[in-house]
Amino acid sequence: MRKNQLQEAARRLTEAERDRQPIKPLTQTYEGLDIPAAYEVQRMVIADRIANGAKVRGHKVGLTAGVMREQFGVSEPDYGVLLDDMFLLEGTEIPAGSLLAPRVEPELAFVLDRPLSGPGVTVADVLRATAFVIPSLEIIDSRIQNWEITVYDSIADNASSARVVLGGTATDISDIDPRLLGVVLRRNGEIAETGATGAALGNPVSAVAWLANKLGEFDVTLEEGAVVLPGSCTRALPVSPGDHVRADFGQIGSVGVVFA
Amino acid sequence: MSSNLQDGTTAVNIHDLASRLIAAEDARTDILPLSYDVELSVDNAYRIQSEVLLTKEERGEHIIGGKLGLTSRAKQIDMNVDNPLYAFVTSGMLHDATTPVNLSRLIHPRVEPEIVFVLKEELSGPGITAGDVLDATSSVCAGLEIIDSRYQAFKFTLQDAVADNASSALFVLGNEFVDPPKDLSLLGCVLEVNGKQVATAAGAAVCGDPAQAVAWMANAAGQRGGSLKPGWLVLSGGLTAAVPLRSGDCISADFSRLGSVSVRAQ
């Protein structure tokens, strides 16, 4: 893809999100949207938002479930950037019509107290750099119509990032087994999904290490204070206006979100 | 009690229907669901189940516990039912985890991870709560149940599944027997096939709380004059969808606080 095509693709995604008008899959519009090109489109979308005042507050890892990677025909996860305007306080409602086709994923959020800079970041480095973990909900959304995404569309679209809600409880990671913490996701009070935190790439600590090393390829560092969403503990849960969703992570607390 | 009972307009012969299931298990051949040609009530389905178990007892096995099926809301919605079902496990179903499962003895086995209760007191419904279950429990442990429906392609109604003793075949237990944790619903579980993670779940996948599932069994069995006995095991229901057990497979489940359990097929 030529540079002007990459810029055009980035502009379409930006406008789709701003105008709440989903677009056709980019892969149907552009030939040659491979993984490096898709990350370049993502970088352009994020650079535009930063130029308009947004601040980077962290990253997310996507496609962390083996079945999802098989479905997409890829061997590794993908990532997206979390900007300050995506973070919602628990208790605030997500206004109807502000998202296109939102889905909710419960995640064990990591908060770093020292930077992580790949390559060469190990699981031990991640454990040492983790200030605490927080129960969180990621609200994903696709700017591509009807979620008809390939992995290339997903990467270009910032790994379908939309909103993040962090619960208000911090836990030292050495107090839990980050692989075997049970998670129950309820929609309108009814159990919709259950899972364990190890659903994220086998262990969310590995997902954070993968992210740090992948970002290292682009000379990007995970900064002190960054929030990392390492991948969902369950399948993504579709939601409708009026729904409320709560994820219970047992000993480390719970977190909820309301869709007006 | 007569073994010929009027059920709807069809005369149901409990003994003959139980014999079909026993013959299928003995011959390792799947059959059409009983509901294909007989209209069964739930009560008569439980009578067939009792007859199947009686045959096993006549062959020298004895009942060592209970088990639950259809404990996930998703499965209940799939089958258009509001309740789980219960069945019983016998001494012949307890498999030593250190030896591989002989697949030639089974039809089309599948494996699911379960939280297993070991009872120290009798639970006799009605009126049993999840709290009563925890009080009556000496320990819980990790388990893997090998289910093997006698019906073609695991296709059945609730009544078919009840009659078939909830697809019972074999089960293995983990080595750690622990005091029941306060909140079993948030116990995490990771299921792996040949080292590859295939599913995760929390205890709440079983009727919202595995202790609730055991209470349901005590109450439902109580209505039919049964109870859960001291010393029994209760397999409280699959936490994840069941995965096929194929030749050479090693399937393992890791539970927070309960340790792990695994089973191999030769």
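Every value quoted in this text rests on a predicted model; they were computed, and no experiment measured them. Naming convention: chains lettered A, B, ... in sequence-line order (proteins, then strands); numbering from 1 in each chain.
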Checklist entry - Would you say R69(A) has more than 12 foreign heavy atoms packed within less than 6.0 Å of its CZ? => result yes

Checklist entry - Should the heavy atoms of other residues, nucleotides or ligands under 6.0 Å from CG of D96(B) be counted, would the total exceed 12? => result yes

Checklist outcome for this item: Ranking A204(B), C189(B), S72(B) by heavy-atom pairs under 4.5 Å to chain A gives rank one to A204(B)

Checklist entry - Got more than 12 heavy atoms from elsewhere within 6.0 Å of CG, D179(B)? => result no

Item to check | 4.5 Å side-chain heavy-atom contact, T194(A) and L239(B) | outcome: no

Next on the checklist: Can you tell me if F171(B) has over 12 outside heavy atoms packed within less than 6.0 Å of its CZ?
Outcome noted: yes

Item to check | Contact leader toward chain B among G66(A), A199(A), G250(A), A65(A), where contacts are heavy-atom pairs under 4.5 Å | outcome: A199(A)

Checklist entry - Can you name the nearest heavy-atom pair linking V190(B) to A196(A), along with the distance? => result CG2-CB, 4.1 Å

Checklist entry - Within a radius of less than 6.0 Å around CZ of R246(B), do more than 12 heavy atoms belonging to other residues, nucleotides or ligands occur? => result no

Next on the checklist: Is it the case that atom CG in N175(B) sees more than 12 heavy atoms from other parts of the structure closer than 6.0 Å?
Outcome noted: no

Checklist entry - What's the verdict on side-chain contact (heavy atoms from CB on, under 4.5 Å) for R73(B) and I191(A), showing C-alpha distance, side-chain angles and the deciding distance? => result CA-CA 8 Å; R73(B) 193 70 197 121; I191(A) 294 169; over 6 Å; no

Checklist entry - Measuring heavy-atom distances to chain B, does E193(A) have an atom under 4.5 Å in its side chain, in its backbone, in both, or in neither? => result neither

Next on the checklist: More than 12 heavy atoms of other residues, nucleotides or ligands under 6.0 Å from NZ of K120(B): yes or no?
Outcome noted: yes

Next on the checklist: To the closest 0.5 Å, what do you measure between CG (D248(A)) and CG (D183(B))?
Outcome noted: 7.5 Å

Checklist outcome for this item: Scored by heavy-atom pairs under 4.5 Å with chain A, the best of G188(B), G203(B), A74(B) is G188(B)

Item to check | Contacting region of V183(A) [heavy-atom separation from chain B under 4.5 Å] | outcome: backbone

Item to check | Value rounded to 0.5 Å, distance of CZ in R257(B) from CG in D177(A) | outcome: 11.0 Å

Checklist outcome for this item: Honestly, the part of S185(B) sitting under 4.5 Å from a heavy atom of chain A is backbone

Item to check | Which of L181(A), V184(A), T234(A), V67(A) touches chain B most, by non-hydrogen pairs under 4.5 Å | outcome: V184(A)

